[in-house]
**Student:** 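One structure follows; several queries about it will come next.
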Number of protein chains: 2
Amino acid sequence: MARRSDVTRQAILEAARERFASDGYERTTIRAIAADAGIDPAMVMRYYGNKENLFSVAADLDLRVPDLTEVPRADIGAVLARHVMTRWEGDETLMALLRAGVTNPAIAERMRSIFAAQLGPVVVTVAPGQVETRAGLVSTQVLGFTLCRYILKFPPVVAMSVEDVVRWLGPTLQRYLTEPEVLA
Amino acid sequence: MARRSDVTRQAILEAARERFASDGYERTTIRAIAADAGIDPAMVMRYYGNKENLFSVAADLDLRVPDLTEVPRADIGAVLARHVMTRWEGDETLMALLRAGVTNPAIAERMRSIFAAQLGPVVVTVAPGQVETRAGLVSTQVLGFTLCRYILKFPPVVAMSVEDVVRWLGPTLQRYLTEPEVLA
DNA sequence: CTCCTTGGTCAACGGTTGTTGACTTTCAAG
DNA sequence: CTTGAAAGTCAACAACCGTTGACCAAGGAG
């Protein structure tokens, strides 16, 4: 059953995603979101309760990690690197989550559970043990790249082409996933 | 010539560093800094003009990248990885800069110039061309690790020992710095 | 048409923030 | 001791924030 207010709800959600992604959690105001959506700030509160809840609805993240069991073992690093580059075209959710999670402990906890829940199961299908450590290492390189390219905008990282990224980051991810167990 | 107010100035600076590091730029208030330093908020304004200027004085970052010309070529990745782990004990400056730079464009620009100015000259002494790209790649892995370990606190990354980090990140940094030129 | 749920607007609240200026205290130089 | 600059206090400002409740408009059901 479609409600009459669904278009408004959607407009709020899209405006919220853009604002949270570009401004972070604290700098994003309910008033600005409402103005972008062309409605009154009170509507945002009516439909989403409060700012925190609006964020958690707007920043529901699906990494869409590819199924690595169908990929030749030697290529999984490259496939993963290419996926990282293409995953965020037209989807600002990760940027919103990253910008907000850095200063908001509750959102940081959300990121921890998202990466653990979505990366762990994929890593376990290809890795020779030390699954959590490997998933963590992949996260450091993927998030570090996302941070430097899309948020901090380090010029040499922004300048890299998809093929550059595959050739440089691919072997790194490959090693984090397939290198034989390293004892501590 | 030592001023009578130097202790107060220093107390403000230390309180500011801690607050900016743990709360980020927007959540840190002049009032909280003043309370930590045990003085009146007006003193902060008197000595540092405004919040933005106080931050730029408090978050003056020196990476202290080691001189790699004295290190055996095969070990520079490991040396760099170990340095990253030990550099931030008792110095919250990078955390402050990272937390703030993610939502504040001016501070992001500061980070860009800091990493370019301090990492570039070291990379150029060991790398076979493509210096900026290599420095950028090193930044992605180093900042990604810092982000996941100290800010987002991903459990497997927090659990890693110094030796774990050297063994996992060392080869990555080594490759980013010494791998023969990769064409685009 | 009437009624009542739903969608939407408006103005205001209490609180917090960065910042300012007037005021008082401290203290060393004359 | 006197004096005047420096150090520090206090109260308030203007702006902005999230949030609320009273109010109006629409539109389908009976």
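Residue numbers begin at 1 in each chain, while the letters A, B, ... track the order of the sequences.
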**Student:** Does A:E52, at its CD atom, have more than 12 non-hydrogen atoms belonging to other residues, nucleotides or ligands within less than 6.0 Å?
**Tutor:** no

**Student:** Return a single string for nucleotides 20-30 of chain D, one symbol per nucleotide in 5' to 3' order, where B is base contact, S is sugar-phosphate-only contact and - is none, cutoff 4.0 angstrom on heavy atoms.
**Tutor:** BB-----S---

**Student:** Treat each ILVMFWY residue as a node, draw an edge where side-chain heavy atoms are under 4.5 Å apart, and state whether B:F145 and B:V158 are in one component.
**Tutor:** no

**Student:** Salt bridge check, B:E14 against B:R17: does any charged N sit closer than 4.0 Å to a carboxylate O?
**Tutor:** no

**Student:** Using atom CD1 of B:I39 as one end and atom P of D:dA6 as the other, report the distance to the nearest whole Å.
**Tutor:** 19 Å

**Student:** Which of these nucleotides, C:dG8, D:dG8, C:dT19, is closest to any side-chain atom of A:Y47?
**Tutor:** C:dG8

**Student:** Figure out the CD/P separation between B:Q10 and D:dA7, and round it to whole Å.
**Tutor:** 15 Å

**Student:** If the plane angle is over 60° it's perpendicular, under 30° parallel, otherwise tilted; pick one for A:F154 and B:F115.
**Tutor:** tilted

**Student:** Compare all side-chain heavy atoms of A:L143 with those of B:L152 and state whether any distance is below 4.5 angstrom.
**Tutor:** yes

**Student:** Quick one: is D:dA7 close enough that its OP1 or OP2 comes under 4.0 Å of any side-chain N or O from B:S5?
**Tutor:** yes

**Student:** Test B:E163 against B:R82 for salt bridge (Lys or Arg N to Asp or Glu O under 4.0 Å), laying out the working first.
**Tutor:** CA-CA 8 Å; B:E163 294 311 311; B:R82 193 178 302 272; 2.9 Å; yes

**Student:** Rounding to an integer number of Å, can you tell me how far A:K51 NZ sits from D:dT19 C1'?
**Tutor:** 12 Å

**Student:** Using whole Å, report how far CZ of B:R9 lies from P of D:dA7.
**Tutor:** 7 Å

**Student:** For DNA chain C, what residues of residues 12-37 of chain A have any heavy atom nearer than 4.0 Å?
**Tutor:** A:R31

**Student:** Please examine the side chains of A:L137 and B:M160, heavy atoms only from C-beta on, and report whether any two atoms are closer than 4.5 Å.
**Tutor:** yes

**Student:** To the nearest Å, how far apart are B:R3 CZ and D:dG8 P?
**Tutor:** 12 Å

**Student:** What is the separation between atom CG on A:N50 and atom C1' on D:dT19, rounded to the nearest whole Å?
**Tutor:** 9 Å

**Student:** When the distance from CE of A:M43 to P of D:dG18 is rounded to whole Å, what number comes out?
**Tutor:** 17 Å

**Student:** Check whether any side-chain nitrogen or oxygen of B:T8 sits under 4.0 Å from OP1 or OP2 of D:dG8, and answer yes or no.
**Tutor:** yes

**Student:** Please determine whether the number of non-hydrogen atoms from other residues, nucleotides or ligands lying under 6.0 Å from atom CD of B:E132 exceeds 12.
**Tutor:** no

**Student:** Can you tell me how far apart CG (A:L147) and CE (A:M95) are? Round to the nearest 0.5 Å.
**Tutor:** 11.0 Å

